[in-house]
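Throughout, a chain's letter reflects where its sequence line sits, starting with A, and its residues are numbered from 1.
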2 protein chains.
Amino acid sequence: MALSQEQYRESGLKLTPQRMAILAYLEGNILHPSAEDVFRAVRRRFPTMSFATVYNTLEMLKKRGKVVELTGDPDKKRFDPNIRPHHHLICTGCRKIVDLKTEFNLTLKAADQAGFQIMGNHIEFTGLCPDCQRKR
Amino acid sequence: MALSQEQYRESGLKLTPQRMAILAYLEGNILHPSAEDVFRAVRRRFPTMSFATVYNTLEMLKKRGKVVELTGDPDKKRFDPNIRPHHHLICTGCRKIVDLKTEFNLTLKAADQAGFQIMGNHIEFTGLCPDCQRKR
DNA sequence: TATCACATTAGAATTGTTCTTGTCAAGATA
DNA sequence: TATCTTGACAAGAACAATTCTAATGTGATA
């Protein structure tokens with residue numbers, strides 16, 4: 001998430017301590033946190049932090065393209081501060097999500113697109129992470 | 001979803017009218033229905049149908065590999081009775097999900113797998129469906 | 001048809017997310 | 001720096017999706 005404080009301000013948004021804390025937590029975070037993960041982490045420094053602020057901020061960042069909302073976890077929303085297109089490994093045991101650097105060249109023939117205007121693609125490799133392999 | 005009534009019984013499950021109605025609705029359904037879609041459809045014939053029955057049945061079918069739970073819709077669980085591996089087109093406007101017949105040969109080098117035991121993969125092509133293109 | 005394990009129902013409970021309302025503070029302006 | 005205005009915040013209520021609970025009902029087998 002390349003989002004400096006200046007960029008932030010320039011886009012007409014107020015830079016509040018709460019938002020800075022959320023940004024700091026997201027910056028470089030590769031754990032694909034849920035809203036609750038963000039909330040729990042940021043609350044340590046801001047005990048009065050509200051869930052609404054977390055959701056509002058994430059929603060705003062999403063609208064501005066600064067974070068991406070992930071699918072792949074059916075139980076909760078997960079967010080990725082890495083906005084460069086990339087794919088994921090997903091553990092079906094613990095729902096851990098790991099970034100993939102591998103690139104794939106995927107194209108769909110027009111005949112297969114069902115009239116869709118394709119904007120992007122995302123590959124989910126599913127399997128068991130090392131921890132979950134050990135447990136079973 | 002190739003699941004005949006005989007297979008159903010043989011696997012030690014009771015075949016109730018409610019379950020038959022759910023199975024009938026799922027059979028050949030390409031709309032990737034949510035639990036509520038199933039509920040609403042089946043309730044027409046079984047006005048006493050309970051949501052719990054829908055969730056229980058879907059969960060059971062999932063456990064037995066007769067349906068697949070989809071990611072791709074962050075707001076609700078969606079189910080696919082087509083258990084043959086295939087990929088999807090997803091409309092970011094209305095969350096319509098369309099099956100793709102196109103096959104891709106995706107392999108990950110061991111070095112890229114982060115120790116995961118890979119079980120499968122799934123590609124989501126995102127974009128706007130024809131209806132949503134018209135609306136914007 | 002009697003029995004029993006399992007399925008069903010209705011609604012309560014839980015979880016994740018969004019909305020509302022009153023208050024407050026960041027950044028702008030003078 | 002003092003004041004103003006707009007948007008952000010906190011707290012909790014509301015909402016939506018899903019899961020659980022307890023009581024009742026029913027399919028399959030003998």
For atom CG of B:L15 and atom P of C:dC6, their distance in whole Å
16 Å
Closest contact, heavy atoms only, A:A35 versus A:V54
O-CG1, 3.6 Å
Is the distance between the ring centroids of B:H122 and B:H86 less than 6.0 Å?
no
Applying a 4.0 Å non-hydrogen cut-off, can you work out what A:E59 is touching in the nucleic acid: base, sugar-phosphate, or nothing?
nothing
Integer-rounded Å distance: D:dA17 C1' and B:E69 CD
12 Å
Any heavy-atom pair between the side chains of A:V98 and A:I90 that's under 4.5 Å?
no
Check: protein-nucleotides 21-25 of chain D nitrogen or oxygen pairs below 3.5 Å:
none

Tell me: NZ of A:K77 to P of D:dA16, nearest whole Å?
14 Å
In terms of side-chain heavy atoms of B:E36, which of D:dA17, D:dC9, D:dG27 is nearest?
D:dA17
N/O (side chain, B:Q18) to phosphate O (OP1/OP2, D:dT26) under 4.0 Å:
no
Within a strict 4.5 Å, meaning less than it, do heavy atoms of the B:L58 and B:L26 side chains meet?
yes
Considering only heavy atoms, which members of residues 42-51 of chain B lie under 4.0 Å from some atom of DNA chain C?
B:T48, B:M49, B:S50
Within the pair A:T16 and D:dA8, is there a side-chain N or O less than 4.0 Å away from OP1 or OP2?
no
Please name the pair of heavy atoms, one in B:H87 and one in B:I123, separated by the smallest distance, quoted to 0.1 Å.
ND1-N, 2.9 Å
Any side-chain to backbone donor/acceptor pair from A:R95 onto A:G72? Under 3.5 Å, distance only.
yes
Looking only at non-hydrogen atoms, find the nearest pair between A:F39 and A:S50 and report the distance.
CE1-C, 4.0 Å
Return whichever of A:A35 or B:P17 has its heavy-atom-nearest nucleotide of DNA chain C closer to the 5' end.
B:P17
Would you confirm whether B:R78, through its side chain, and B:T71, through its main-chain N or O, come within 3.5 Å as a donor-acceptor pair?
no
Nearest-Å distance, CZ (B:F39) to P (C:dT8)?
14 Å
Round to the nearest Å and state the distance from A:M20 atom CE to D:dA8 atom C1'.
15 Å
Smallest heavy-atom separation, B:C91 atom then B:C132 atom, equals SG-SG, 3.6 Å
In short, A:P81 meets A:N29 closest at the heavy-atom pair CG-O, 3.3 Å
Separation of atom NZ in B:K62 from atom C1' in D:dT18, rounded to whole Å
11 Å
Can you tell me how far P of C:dT17 sits from NZ of A:K76, to the nearest Å?
7 Å
Could you check which of D:dT18, D:dG27, D:dC9 has an atom nearest any side-chain atom of A:R19?
D:dC9
Note down the inter-axis angle between the two ends of the helix from C:dT1-D:dA30 to C:dA30-D:dT1, five pairs each, to the nearest 10°.
30°
Is the closest basic N to carboxylate O distance between B:R134 and B:D131 below 4.0 Å?
yes
Does OP1 or OP2 of D:dT19 have a side-chain N or O of B:Y55 closer than 4.0 Å?
no
Between atom CD1 in A:I22 and atom P in D:dA8, what is the gap in whole Å?
12 Å
Heavy-atom distance under 4.5 Å between the side chains of A:L89 and B:L108, does that happen here?
yes
